[in-house]
Number of protein chains: 2
Amino acid sequence: MKDDPDSGKNQGKGLSRIQQRNRKLILDAALEVFASEGYRGATLDQIAAQAGLSKPNILYYFSGKEEIHVTLLNRLMETWLDPLRQVDPQGEPLEELLAYIHRKVRMSKQFPRESRLFANEVLQGAPRMKPHLKSGLKPLFDDTCALIQGWMDAGKLAACDPQHLIFSIWATTQHYADFDAQVKVLTGGKSAINGGEDYLDTLFRKLLTP
Amino acid sequence: MKDDPDSGKNQGKGLSRIQQRNRKLILDAALEVFASEGYRGATLDQIAAQAGLSKPNILYYFSGKEEIHVTLLNRLMETWLDPLRQVDPQGEPLEELLAYIHRKVRMSKQFPRESRLFANEVLQGAPRMKPHLKSGLKPLFDDTCALIQGWMDAGKLAACDPQHLIFSIWATTQHYADFDAQVKVLTGGKSAINGGEDYLDTLFRKLLTP
DNA sequence: TCGTGACTTTACCAAGTGGTCAAAAAAGAC
DNA sequence: GTCTTTTTTGACCACTTGGTAAAGTCACGA
């Protein structure tokens with residue numbers, strides 16, 4: 001009789017083994033498909049095939065396409081903000097920022113699908129993520145800009161616009177995940193991201209060294 | 001009897017006034033829709049509505065969704081390569097590259113939809129554009145890398161990896177078009193691209209000044 | 001082992017999709 | 001004006017899409 005996986009004796013986070021496994025399968029498949037096709041372009045059939053489950057079975061675990069997407073986006077937001085949160089106001093300014101850049105590069109390498117999911121969402125005008133951006137990212141962004149500005153005012157960093165600095169860090173680091181298809185064509189398929197890490201260190205070190 | 005717009009007394013490029021107007025309407029509408037929804041996400045109905053024409057009328061001018069997309073991509077490739085082609089091997093190295101960066105920034109401002117169309121295509125693995133990338137972009141990319149390497153070897157520019165240099169120029173300049181939704185949220189809707197132009201000039205000037 | 005609830009599948013919609021076709025309506029040419 | 005060609009439209013089609021209903025199968029505790 002119970003056909004809602006959230007009810008029964010396992011409530012809240014206490015999912016059965018099968019539920020844990022299948023929700024993971026579905027979200028992983030959906031990440032793949034949404035990241036490469038965008039929200040509208042992705043189909044439940046693709047996700048089902050990728051997950052190795054039937055379409056109605058997918059809809060047993062999630063109420064619909066939208067809910068899967070939203071779930072992915074919510075998870076993503078946390079993963080995405082994390083490297084920025086780790087910037088330590090007490091640390092050595094230049095090294096903190098360069099460490100942040102290295103974290104971002106490594107995230108691009110380790111989570112390219114997440115990066116592309118995010119890129120797809122923002123490209124389309126961030127219809128489902130704009131509230132998250134305003135409530136989650138914006139405050140952190142503002143704080144970090146103020147922190148960097150403080151460091152610059154104190155002469156610990158060369159002066160430049162903190163907002164554009166952060167934009168350029170995001171742009172350059174995520175480029176290796178988001179434009180991977182182009183990077184592969186132009187570099188002959190070698191994993192370019194390693195050379196990229198050194199290059200970006202030089203680029204931002206030269207910019208920021210007082 | 002003639003129902004092929006390419007036949008009749010107007011052949012080749014000699015399109016009637018109506019044909020010119022409507023093909024332009026359609027391509028402009030399609031650019032808008034493809035850029036924000038991706039290929040699969042875009043529908044002929046959306047394009048038709050955006051163009052102010054009926055769906056069968058769209059298919060009178062183009063044989064199908066695919067042909068519209070391919071036409072846009074072909075046009076795009078030319079627009080896209082142009083700023084890079086203008087780099088003058090005889091010019092002053094630093095100023096040539098900075099001028100290139102300024103052209104790219106201005107293109108992001110002037111043709112954001114084209115930038116997003118390109119981003120969408122590459123994000124999805126460049127399924128329709130990979131041949132173009134290999135035949136059109138790759139040779140130009142290689143030549144430019146060699147040119148820059150030559151400049152560096154001659155001591156006209158500080159040394160760095162030319163491939164990653166170009167990637168970082170593309171990433172930072174196109175970011176303002178592709179991630180506009182995010183940039184707007186974080187800067188409070190001000191047109192951030194103007195400040196971006198100055199910032200990027202500083203960034204790459206510091207990197208490349210010998 | 002058997003019953004109960006958790007899980008899965010088969011069969012099925014209704015709406016939306018890219019695309020066709022023949023007929024109607026405009027444009028031109030004379 | 002009238003005759004021909006170009007352009008536009010309304011009706012339609014086959015297929016895909018997100019989603020549902022109900023019947024089936026499985027796992028596990030009593």
Side-chain angles (χ1 to χ4, degrees), chain A residues 1-27 29-30 33-34 36-72 127-128, chain B residues 1-27 29-30 33-34 36-72 127-128:
Chain A
M1 289 292 171
K2 295 279 182 50
D3 57 358
D4 176 1
D6 281 344
S7 68
K9 76 173 57 172
N10 288 317
Q11 279 179 332
K13 292 276 162 67
L15 303 167
S16 76
R17 246 175 296 121
I18 294 178
Q19 280 177 33
Q20 273 184 281
R21 170 173 55 86
N22 284 351
R23 286 182 65 98
K24 203 161 163 359
L25 278 174
I26 293 167
L27 288 174
V33 177
F34 280 130
S36 91
E37 304 280 355
Y39 180 74
R40 287 223 48 199
T43 73
L44 287 179
D45 287 309
Q46 283 176 284
I47 296 172
Q50 180 82 23
L53 299 172
S54 68
K55 184 167 63 173
N57 206 4
I58 301 260
L59 293 165
Y60 172 72
Y61 290 101
F62 291 91
S63 70
K65 185 182 176 180
E66 177 101 23
E67 200 204 317
I68 302 178
H69 196 240
V70 166
T71 304
L72 283 174
R128 293 156 223 279
Chain B
M1 290 293 170
K2 298 278 182 50
D3 58 356
D4 174 2
D6 281 342
S7 68
K9 76 171 58 170
N10 287 318
Q11 280 182 329
K13 292 277 163 62
L15 303 166
S16 77
R17 244 173 296 123
I18 294 177
Q19 281 177 31
Q20 275 184 278
R21 171 174 53 87
N22 284 353
R23 285 182 65 98
K24 203 161 159 8
L25 278 175
I26 292 167
L27 288 174
V33 178
F34 281 129
S36 90
E37 304 281 356
Y39 180 75
R40 288 221 48 199
T43 74
L44 287 179
D45 286 309
Q46 283 175 285
I47 296 172
Q50 181 82 23
L53 300 172
S54 68
K55 183 167 65 175
N57 204 5
I58 300 262
L59 292 166
Y60 172 71
Y61 290 100
F62 291 90
S63 68
K65 186 182 176 181
E66 176 100 24
E67 199 202 318
I68 302 178
H69 195 239
V70 166
T71 304
L72 283 175
R128 292 155 223 279

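Residue numbers begin at 1 in each chain, while the letters A, B, ... track the order of the sequences.
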Between [atom2] on [N] and [atom1] on [X], what's the gap in Å once rounded to a whole number?
{"X": "A:Tyr60", "N": "D:dA22", "atom1": "OH", "atom2": "C1'", "answer": "15 Å"}
{"X": "A:Lys65", "N": "D:dT16", "atom1": "NZ", "atom2": "P", "answer": "16 Å"}
{"X": "B:Glu37", "N": "C:dT17", "atom1": "CD", "atom2": "P", "answer": "10 Å"}
{"X": "A:Glu67", "N": "D:dG19", "atom1": "CD", "atom2": "C1'", "answer": "14 Å"}
{"X": "A:Ile58", "N": "C:dT9", "atom1": "CD1", "atom2": "P", "answer": "11 Å"}
{"X": "B:Arg21", "N": "C:dA26", "atom1": "CZ", "atom2": "P", "answer": "13 Å"}
{"X": "A:Gln19", "N": "C:dG5", "atom1": "CD", "atom2": "P", "answer": "16 Å"}
{"X": "B:Tyr61", "N": "D:dT8", "atom1": "OH", "atom2": "C1'", "answer": "8 Å"}

*Give a yes/no answer on whether the side chain of A:Arg17 brings an N or O atom under 4.0 Å of OP1 or OP2 in D:dC28.*
yes
*asked:* Taking only side-chain N and O atoms of B:Asn22, does any of them lie within less than 4.0 angstrom of OP1 or OP2 on D:dT8?
replied: yes
*Which heavy atom of A:Ile47 sits nearest a heavy atom of A:Ile26, and at what distance?*
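Smallest heavy-atom distance, with atoms named: CG2-O, 4.1 Å.
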First locate atom [atom1] of [X], then atom [atom2] of [Y], and finally report the distance between them rounded to the nearest 0.5 Å.
{"X": "B:Tyr60", "Y": "B:Asn22", "atom1": "OH", "atom2": "CG", "result": "10.0 Å"}
{"X": "A:Ile58", "Y": "A:Phe62", "atom1": "CD1", "atom2": "CZ", "result": "8.5 Å"}
{"X": "A:Glu66", "Y": "A:Thr71", "atom1": "CD", "atom2": "OG1", "result": "10.0 Å"}
{"X": "B:Ser36", "Y": "B:Gln50", "atom1": "OG", "atom2": "CD", "result": "9.0 Å"}
{"X": "B:Ile18", "Y": "B:Leu25", "atom1": "CD1", "atom2": "CG", "result": "12.0 Å"}

Protein and nucleotides 24-26 of chain D: nitrogen or oxygen contacts under 3.5 angstrom:
none

_Minimum side-chain heavy-atom gap A:Phe34-A:Ile68 below 4.5 Å_ =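 A:Phe34 vs A:Ile68: side chains touch.
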_Student check: side-chain heavy atoms of A:Thr43 and B:Arg40 closer than 4.5 Å_ = yes
_Angle between ring planes, B:Tyr39 versus B:His69, binned at 30° and 60°: parallel, tilted or perpendicular?_
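Tilted: the ring planes of B:Tyr39 and B:His69 meet at 30° to 60°.
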*Base, sugar-phosphate, or nothing for B:Ile18, non-hydrogen atoms under 4.0 angstrom?*
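Sugar-phosphate: the residue B:Ile18, judged by heavy atoms under 4.0 Å, touches backbone atoms but no base.
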*Positions of residues 40-57 of chain B (non-hydrogen atom under 4.0 Å from DNA chain D), listed by number*: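 Result for residues 40-57 of chain B: B:Arg40, B:Ser54, B:Pro56, B:Asn57, sorted by number.
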